[in-house]
Amino acid sequence: MKMLCVIDYGSGNIAAIANICERERIPYYIASQPTRLAAASHYLLPGVGAFDPTVATLEKSGILAALHNEVMSNEKPILGICVGMHLLADACDEGVSSGLGWIPGHVTQIDISKLNRPPYLPHMGWNSVHSTNDDPLLQGVDLERGFYFLHSYFFNARDPKQVVAEVNYGDALPCIVRKGHIVGAQFHPEKSHSNGIRFLKNFVGTP
Amino acid sequence: MMLRSRVTPVLLLQENGLIKTQKFENPKYVGDPINAVKIFSEKEVDELILLDIDASAMMRKPNFDLLREVAAESRMPLCYGGGICSAEMAAQIIALGYEKISISHAALERPELVREMADRVGRQSVVVTIDVKSEGALGPHQVYSRNAKLSHHVDPLAFAVKCTELGAGEIVINSIDRDGMMQGYDLDFARKARAAITTPITIVGGAGSLADVHALTGELGPVGAGVGSLFVFKGKYRAVLISYARH
């Protein structure tokens with residue numbers, strides 16, 4: 001049975017994600033205790049703000065060991081959103097903390113030198129995405145309409161084969177990275193209308 | 001493929017109802033906020049700005065219960081402004097399901113709050129809204145707050161730049177004299193704002209037609225085009241009808 005666990009570790013927009021799941025009948029629950037993780041089939045890791053404080057918040061939550069067990073030992077799928085995606089990387093230029101290192105890569109500030117006029121940072125608004133390998137996560141998504149982005153840092157993946165989709169902002173920036181069952185998305189699916197809902201359902205595997 | 005301009009309905013909240021003003025005066029009731037947000041969600045709007053125009057002026061806290069209900073009906077990015085006076089309060093509203101928090105009077109009173117908010121919720125979520133009034137066709141633009149009741153002796157664009165340096169991720173320029181007049185944006189000032197500010201900006205005040213929106217986005221894009229009356233009124237008698245279009 002599909003069951004999405006939205007991880008509430010004190011960062012990110014839990015309410016918006018819960019609202020979407022409620023409305024779209026995606027089976028879900030919110031968990032803030034490590035003992036509550038096992039019941040899920042899929043995990044969603046939100047995140048907002050700066051890298052270091054978010055890593056610290058996640059570590060302090062006491063949920064990390066249990067999550068590691070579910071994702072790495074039991075190989076249950078996880079989706080990190082925005083800073084939740086950045087947490088999957090090895091490290092971030094913005095901070096000194098280590099990331100989880102679940103997808104090899106480095107979180108880097110967007111290079112604004114290739115943008116020919118303002119606005120520069122943050123990258124804010126609706127942008128098209130480019131699918132690099134027809135990943136089923138983007139099935140039924142209107143790529144031209146794309147998703148809502150709100151960020152200044154991006155996931156610079158070490159292995160280009162793990163970049164599922166790119167967004168153009170100065171450079172072609174990875175906006176979905178995937179290593180098997182571990183997925184990160186830079187945009188906000190919970191605030192991207194029908195495209196975002198389609199993406200979330202593709203991840204969980206609900207119709 | 002590139003970043004597109006945002007066409008953003010701007011909703012004004014007063015005593016739990018939505019109103020629309022002209023030049024920040026003569027509020028006309030336009031409906032229930034939850035209902036309007038439901039409609040805008042169905043219409044897949046780019047973003048929504050919700051401003052509680054009483055909260056700051058009457059020095060009261062945001063209406064958290066109402067904001068929670070609004071967020072539950074929203075599948076679009078939300079910006080809230082009104083009565084935010086601490087980084088903690090901003091974080092509480094982000095947790096309700098909002099992406100961006102706007103401050104206006106509070107930033108003029110204590111610019112350090114911009115930095116405190118950026119440290120707490122990230123600069124991408126910090127918006128400073130600057131209400132401006134043009135003093136005649138060629139005169140300078142003056143900054144106001146508290147619903148255009150209080151004037152500040154500060155240059156609006158210098159203040160905007162200062163806010164972005166402190167940590168604002170977006171500046172909203174709201175024209176008092178164009179508000180509700182539906183006769184076009186102040187393109188000249190929008191151009192100056194675009195040239196001065198490196199972060200994303202949203203221009204509010206004056207949209208009377210999609211042609212007005214396109215005049216702004218065509219020249220300054222990618223930019224936020226805030227729209228009030230155009231999306232809540234229909235016809236010359238200003239009958240209330242919620243609508244949305246970007247093309």
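Chain letters run A, B, ... following the sequence lines, proteins first, then strands; residues in each count from 1. On a predicted model such as this, the values are computed, not experimentally measured, just so you know.
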Hey, are A/Tyr148 and B/Glu47 close enough side-chain-wise for a donor-acceptor pair under 3.5 Å?
yes
Which answer fits B/Ala95, side chain, backbone, both or neither, if we ask what part of it has an atom under 4.5 Å from a heavy atom of chain A?
backbone
Under the side-chain hydrogen bond (donor to acceptor under 3.5 Å, both in side chains) test, which residues partner A/Arg158, sequence neighbours left out?
A/Asp90
Between CZ of B/Arg4 and CG of A/Asn127, what distance do you get to the nearest 0.5 Å?
7.0 Å
How close do A/Val48 and B/Ile94 get, heavy atom to heavy atom, and via which atoms?
CG1-CG2, 4.4 Å
Side-chain donor-acceptor contact under 3.5 Å, A/Ser194 with B/Glu44:
yes
Looking at B/Glu219, I'd like to know if its CD atom is crowded, meaning that more than 12 non-hydrogen atoms belonging to other residues, nucleotides or ligands lie closer than 6.0 Å.
yes
Specify which of B/Glu170, B/Glu73, B/Gln124, B/Arg120 makes the most heavy-atom pairs with chain A at under 4.5 Å.
B/Gln124
State whether A/Lys191 and B/Glu99 are salt-bridged, where the test is any N-O pair (Lys NZ or Arg NE/NH1/NH2 against Asp/Glu carboxylate O) under 4.0 Å.
yes
Given a strict heavy-atom distance threshold of 4.5 Å, which part of B/Arg194 is in contact with chain A: side chain, backbone, both, or neither?
both
Under a 4.5 Å heavy-atom cutoff, which of A/Glu190, A/Glu22, A/Arg23 has the most pairs with chain B?
A/Arg23
Can you name the residues that form a side-chain hydrogen bond (donor to acceptor under 3.5 Å, both in side chains) with B/Asp186, not counting sequence neighbours?
B/His141
Could you pull out all residues at least two apart from A/Glu24 that satisfy salt bridge (charged side-chain N to carboxylate O under 4.0 Å, His left out)?
A/Lys201
Any side-chain heavy atom of A/Asn168 sitting closer than 4.5 Å to one from B/Met2?
no
Verify, without hydrogens or angle tests, whether A/His193 (side chain) and B/Val45 (backbone) share a donor-acceptor contact under 3.5 angstrom.
yes
Heavy-atom proximity to chain A below 4.5 Å, by part of B/Leu78:
both
Residue, of B/Ala195, B/Pro200, B/Ala71, B/Gly122, that accumulates the most heavy atom pairs under 4.5 Å with chain A
B/Pro200
Residues from residues 109-126 of chain A approaching chain B under 4.5 Å (heavy atoms)
A/Arg117, A/Pro118, A/Pro119, A/Tyr120, A/Leu121, A/Pro122, A/His123, A/Met124, A/Gly125, A/Trp126
